[in-house]
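Here is the structure we will look at, set down as structure tokens.
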Amino acid sequence: KNNPTDVQRLTGSLHIREKPDAEQRRTLFQAMRLGFGCKCVQLLSLYRFMPLREAAAYLAEIEREETGTENSAVCSRL
């Protein structure tokens with residue numbers, strides 16, 4: 001199971017309150033690829049004051065852009 005401090009370390013350099021720039025989006029994508037997708041959704045929801053589904057959709061958009069596909073595996077339980 002992922003340790004919350006690992007997620008904080010991965011996303012600690014992000015200023016999530018603002019719209020992430022290209023480098024921050026890549027960092028979020030890497031965190032998702034490492035299995036922290038649901039935690040990233042929670043952090044975006046908390047710090048950007050958006051509903052969980054909206055945060056998941058935002059991360060799915062990042063994933064689609066980075067992979068060039070229409071499929072996304074970001075926290076599919078939402």
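Throughout, residue positions are numbered sequentially from 1 according to the sequence presented.
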Item to check | Working for side-chain contact (heavy atoms from CB on, under 4.5 Å), residues L44 and E54 | outcome: CA-CA 9 Å; L44 278 176; E54 186 178 330; over 6 Å; no

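Looking at S45, its side chain never comes within 3.5 Å of a backbone N or O of A55 through a donor-acceptor pair.
Put simply, the side chain of T67 reaches to within 4.5 Å of the side chain of R33, judged on heavy atoms. Side chains of R25 and Y58 form a contact here, defined as non-hydrogen atoms less than 4.5 Å apart.
The distance from the CD atom of E63 to the CD atom of E65 is 11.0 Å, given to the nearest 0.5 Å. Separating the CG atom in L28 from the CD atom in E23 is a distance of 11.5 Å, to the nearest 0.5 Å.
The two residues G37 and L59 come nearest to each other via the heavy atoms O-CD1, 4.1 Å.
No continuous path of ILVMFWY side-chain contacts below 4.5 Å connects M32 to M50, so the two sit in separate hydrophobic clusters.
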